[in-house]
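Structure first, then comments.
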Amino acid sequence: MATTKTVKKSAKKKVAAPIEVVETPVSQEECKTCEIAVEPKKKYLFVASEAAPFIATGGLAEVIGSLSKALATDESYDVRVIIPLYQDIRKEYRKEFRFIGNIFVPLSWRNQYCGIFEYKANNVTYYFVDNEYYFKRPGCYGYYDDGERFAFFCRGVMEILNFIGFYPDVLHCHDWQAALAALYLKTSYCQRPEYQFIRAVFTIHNIEYQGKYSLDVLEDLFGISYSYKNLVEYDRCINLMKGAIECCEAFSTVSPSYSEEIKTPFYSHGLDQIIRRNESKLTGILNGIDPDYYNPATDKALFQNYNASDVSGKAVCKEELQKMLGLPVKAETPIIAMISRLVSHKGLDLVKEVIEQVLRNDVQFVLLGTGDSEYENYFADLARRYQGKAVSVITFNSDLSRKIYSGADLFLMPSKSEPCGLSQMIASRYGTVAIVRETGGLRDSIKPYGAGGNGFTFREYNAYDMLYVINEALSVYRSGAWANLVKKAMETDFTWSASAKNYEELYERAMK
Ligand code: GLC
């Protein structure tokens with residue numbers, strides 16, 4: 001593979017040195033006349049189980065969509081993404097997909113049909129892996145045979161590379177559903193000449209889900225020889241995340257703080273020993289958000305658009321939100337919002353403990369989300385008991401979420417653990433000041449007001465520490481300093497620009 005640009009002897013008459021390395025970039029035209037070998041594009045392939053805008057169940061999809069787009073703005077990269085072709089992939093996209101062929105994917109004793117569809121947008125090429133038996137079902141996950149479904153997907157990815165003749169420099173696998181792609185590369189495909197230079201990078205978006213299976217299905221279900229048992233075995237189980245960590249050239253998590261936290265038992269869901277053993281390969285890179293997709297100046301879901309230099313539209317958003325949710329329309333009453341999956345690690349126990357004390361103030365509380373019935377019932381009941389002060393919308397609705405991000409004043413996110421979290425960034429971009437616990441990406445994106453930061457933070461997982469900063473936030477809200485804080489939150493750079501560079505470095509390191 002040509003990695004430097006060399007000039008043919010005939011083209012370098014004026015040059016004294018025997019072989020010149022040309023440092024300055026050359027155009028295609030120049031390169032034809034003086035026959036300079038142009039450095040080939042770097043090829044990156046994201047392997048993931050979901051990608052926005054096609055299908056999304058959470059932050060993973062948003063990151064796959066926005067990071068690939070951000071990297072692809074660099075003309076010297078060829079960025080591609082591959083995901084399963086689920087039944088729920090949005091129709092308006094599906095009809096644009098182009099069928100490029102089909103292959104059969106060998107996996108253990110199975111040999112399964114695999115259709116391949118392609119779609120191009122924003123300089124990124126997307127592939128969709130089709131097999132109706134595995135993916136023509138509602139939703140993405142939660143089936144008894146998820147292990148087999150994602151084994152087929154990952155094995156399919158490896159075979160598709162050959163079909164499309166695309167051998168990436170970096171195979172970037174995300175979360176346990178894509179871990180097997182790294183494992184197949186290292187346990188089998190790297191022996192083929194075309195695959196031998198492919199490097200594997202693995203990103204942990206959430207360490208809670210590791211892909212654990214009984215050891216006796218290693219060959220039969222996953223098609224991995226028992227001679228590789230040590231690679232994937234952990235705690236007497238197959239652990240696909242552990243396998244990917246062991247065999248990749250480099251791995252990352254979605255914030256620097258989380259990359260430290262997962263070295264400890266409190267955060268690691270049992271994997272801290274593996275993380276520590278591989279820590280020389282680990283980096284933490286903070287996620288970004290797509291500034292076009294989340295833009296209060298253009299967002300069509302908003303009652304009125306606004307920007308950091310003129311936030312007057314935000315007051316309209318607040319008023320309309322209050323009307324829509326049946327809350328008293330009061331401009332001076334702060335709205336504290338939560339938009340969250342209703343699960344324990346989101347810090348809901350802290351909220352349960354002190355929310356009634358918060359509601360003694362002149363505040364309104366709005367919650368949007370679904371999850372465990374314990375929390376759904378609690379918040380539904382809270383709204384019944386505090387009518388006119390608290391509203392709980394137990395559903396997920398993207399349009400309403402944007403109306404809340406824009407219409408609220410404060411955004412509460414007191415997670416027990418949070419690999420990165422995107423909501424605090426979206427809220428800030430919409431001028432809704434975040435109150436977060438200092439963990440993972442929350443700690444890396446929101447800095448305390450007292451130290452000149454863009455929000456409010458507390459360290460210990462303790463309801464009264466949270467109550468203290470909520471009260472601090474409410475008093476700043478009532479002070480003359482609020483408008484500046486809103487502006488500061490809105491102007492914080494949550495784009496991918498810094499983090500995309502960190503990924504480039506990570507890839508460079510993996511390629512070495
Ligand atoms: C997972 C994490 C979340 C992160 C997202 C994208 O959903 O729980 O914190 O922001 O992945 O990386």
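In each ligand, atom 1 is the first atom listed, and ligand 1 is the first ligand listed.
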Item checked: Val254, portion touching ligand 1 at heavy-atom distance under 4.0 Å -> side chain
Notebook entry, point to check: Is Arg459 positioned over the aromatic face of Tyr468, cation under 6.0 angstrom from the ring centre and no more than 45 degrees off axis?
Noted result: no
Check: Knowing that exactly one of Lys346, Gln424, Arg437 qualifies, which makes a side-chain hydrogen bond (donor to acceptor under 3.5 Å, both in side chains) with Glu418?
Finding: Lys346
Margin query: I need the nearest protein heavy-atom contact for atom 7 (O) of ligand 1: residue, atom name and distance, please.
Written below: Gly59 N, 4.1 Å
Next item on the list: Show which atoms of ligand 1 fall inside a sub-4.0 Å distance from at least one heavy-atom site of Glu418.
Entry: 3 (C), 8 (O), 9 (O)
Margin query: If the cut-off is 4.0 Å to any non-hydrogen atom of Val63, which atoms of ligand 1 fall inside it?
Written below: 6 (C), 12 (O)
Margin query: Under 4.0 Å from a heavy atom of Gly421: which atoms of ligand 1 are those, numbered in the order shown and with their elements?
Written below: 3 (C), 4 (C), 9 (O), 10 (O)
Item checked: Sub-4.0 Å atoms of ligand 1 with respect to non-hydrogen atoms of Asn206 -> 8 (O)
Margin query: Under a 3.5 Å threshold, yes or no: a donor from one side chain and an acceptor from the other, between Tyr375 and Asp349?
Written below: yes
Notebook entry, point to check: What residue and atom, counting heavy atoms only, is the protein's closest point to atom 2 (C) of ligand 1, and at what distance?
Noted result: His205 O, 3.3 Å
Note to self: Working to the nearest 0.5 angstrom, can you tell me the gap between Ile470 CD1 and Asp465 CG?
What the structure shows: 11.0 Å
Item checked: contact_flag Gly58 ligand 1 heavy-atom lt 4.0 Å -> no
Note to self: Could you tell me if Tyr234 and Glu246 have a donor-acceptor pair between their side chains, going purely by distance under 3.5 Å?
What the structure shows: no
Check: Using a distance-only test with no angle check, is there a side-chain donor-acceptor pair under 3.5 angstrom linking Arg155 and Tyr189?
Finding: yes
Next item on the list: Establish, from distance only, whether the side-chain atoms of Ser497 and Thr495 form a donor-acceptor pair under 3.5 Å.
Entry: yes
Notebook entry, point to check: Is there at least one pair of N or O atoms, one from Asn287 and one from ligand 1, spaced under 3.5 Å apart?
Noted result: yes
